[in-house]
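Take a look at the structure set out below.
From a predicted model like this one, the values you see are computed outputs, not experimental measurements. Note: hydrogens, waters and symmetry copies are ignored here, and every other heavy atom, side chains too, is used.
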Protein chains: 2
Amino acid sequence: MRKTIAKEAILKTINESDTALSQAEIQAILPDGLCNRVTIYRVLDRLVEEKSVHQITNIDGVVKYANCHSCSTEHKHDHIHFNCEKCNVVTCVEDVEPTFKLPSNYQINQLNFMVSGVCPDCLDS
Amino acid sequence: MRKTIAKEAILKTINESDTALSQAEIQAILPDGLCNRVTIYRVLDRLVEEKSVHQITNIDGVVKYANCHSCSTEHKHDHIHFNCEKCNVVTCVEDVEPTFKLPSNYQINQLNFMVSGVCPDCLDS
DNA sequence: AATTTAATGCAACAAAGTTGCTTTAACAAA
DNA sequence: TTTGTTAAAGCAACTTTGTTGCATTAAATT
C-alpha cells in the first residue's frame with residue numbers, strides 16, 4: 001500500500017482517537033478538502049485489509065474503525081465494543097474478552113461483539 | 001398494537017423462518033402488494049417494541065429480525081448470532097450464551113453478538 | 001352506526017456505502 | 001533525473017437501507 005497523504009492522515013486520525021470512528025466522523029476531523037469522501041472509504045478498506053485498523057459494526061449498523069491498541073504481536077479483535085446511547089461513542093473494552101463455544105462444525109472468521117448502554121462518563125452526569 | 005393484515009403476515013413470516021430476516025427479505029416473501037415497504041419497517045419497529053421478535057444487526061450493518069424461540073418465560077436475546085459468508089444467512093445459536101464481565105459502572109441495555117464465518121451446511125458442500 | 005385514533009400509503013428525503021471511469025501521483029527502474 | 005507503470009484519488013452517478021410528513025384508511029371501542 002502506497003504512502004499517500006490521505007492514508008497517512010486517516011491512519012493518524014484513527015490512531016490518535018480513543019474512540020472508534022466512522023467514515024463521516026473521520027471526514028469531519030480531516031482538514032476540509034484533504035481528500036474525497038470516496039477516498040476515505042477506499043483507504044479504510046485497505047487499512048482493514050492490511051490489518052492496520054480494526055473494523056467494528058455498531059449496533060445501529062454504522063461501520064466504525066479503531067486502532068489496534070494491543071495488537072503488537074498479533075492482530076486480535078475478539079474484545080467487546082461498547083456503544084454509549086447517550087454520547088453516541090463507541091469504545092474498545094480491550095480487557096474484557098468474552099468466552100463462548102460454537103460447535104466445531106462452524107468455521108469462524110470474524111467476531112463483532114457489541115454491548116450498548118450508557119458509559120461511565122454519561123452515568124456520572 | 002392493532003391486529004392488522006400486515007402485522008399478522010409479517011409476524012407469521014418471521015415465525016415460520018428458521019433464519020433471521022431483513023426488511024428486504026420479508027418484503028420478498030410477502031405476497032406482492034400486501035403492504036407498503038414503509039409499513040414493513042413500521043410493523044417491525046412495533047414488533048420489536050412489544051418484544052414479539054428479536055432485532056439483530058448483522059456484521060454488514062443490515063438489521064434482521066428473528067422469532068423469540070426460547071423466550072416463553074422471558075424475552076432474552078443474549079445469545080450469539082451466526083452470519084454465514086457463503087449462503088449469507090443469519091441464524092440464532094440459541095444454546096451458546098457468551099460470558100463476559102464489564103466493569104459495574106457500565107449500564108448495559110442491549111447486546112449484539114455476531115460471529116461470522118461459514119456455516120456447517122456450506123462447509124459440507 | 002358513529003367515533004376515535006392506530007395503522008397504512010405515498011412521496012420525498014437522508015445516510016451510508018458502492019461503482020465506473022478518467023486523471024493524478026507514488027515509486028521503481030532506466 | 002527523467003520515464004514508465006500502476007496504485008490511488010477525484011468526480012459523478014447510483015444503490016441500499018432506513019426515515020419523515022401528511023393525507024387517508026380501517027381496527028376497535030362506545
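For B:Thr91 and B:Thr19, the side-chain atoms include no donor-acceptor pair closer than 3.5 Å. A side-chain donor-acceptor contact under 3.5 Å links A:Gln107 and A:Asn109.
Ionic pairing of B:Glu16 and B:Lys12 is present here: one or more N-O contacts between side-chain nitrogen and carboxylate oxygen are shorter than 4.0 angstrom. A salt bridge links A:Glu50 with A:Lys7: the distance from a Lys NZ or Arg NE/NH1/NH2 to an Asp or Glu carboxylate oxygen falls below 4.0 Å.
Distances shown here put every side-chain N or O of A:Thr4 at or beyond 4.0 Å from the OP1 or OP2 atom of D:dA7.
Near-neighbour residues of DNA chain D inside residues 11-38 of chain A, defined by a heavy atom below 4.0 Å, number-ordered: A:Leu34, A:Cys35, A:Asn36, A:Arg37, A:Val38.
Of the two residues contacting DNA chain C, namely A:Lys3 and B:Lys7, the nearest-nucleotide position lying further toward the 5' end is that of B:Lys7. When the nearest nucleotides of DNA chain D are assigned to B:Lys64 and B:Ile5 by heavy-atom distance, the more 5′-ward of the two goes with B:Lys64.
Remark: C1' of D:dA26 and CD of B:Glu8 are 15 Å apart, rounded to the nearest angstrom.
Using a distance-only test at 3.5 Å, with no hydrogens or angles considered, no donor-acceptor pair links the side chain of A:Thr39 to the main chain of A:Cys35.
In this structure, the helix from C:dA1-D:dT30 to C:dA30-D:dT1 shows an angle of 30° between the axis at its start and the axis at its end, each fitted on 5 base pairs and rounded to 10°.
Heavy atoms of B:Arg42 sit under 4.0 angstrom from at least one base atom.
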Intermediate values then yes/no, ring-ring contact (aromatic ring centres under 6.0 Å, His included), B:Phe100 and A:Phe100
CA-CA 9 Å; B:Phe100 67 96; A:Phe100 67 96; over 10 Å; no

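Using a 4.0 Å cutoff to heavy atoms of chain A, the contacted part of DNA chain C runs 5' to 3' from C:dA16 to C:dC27.
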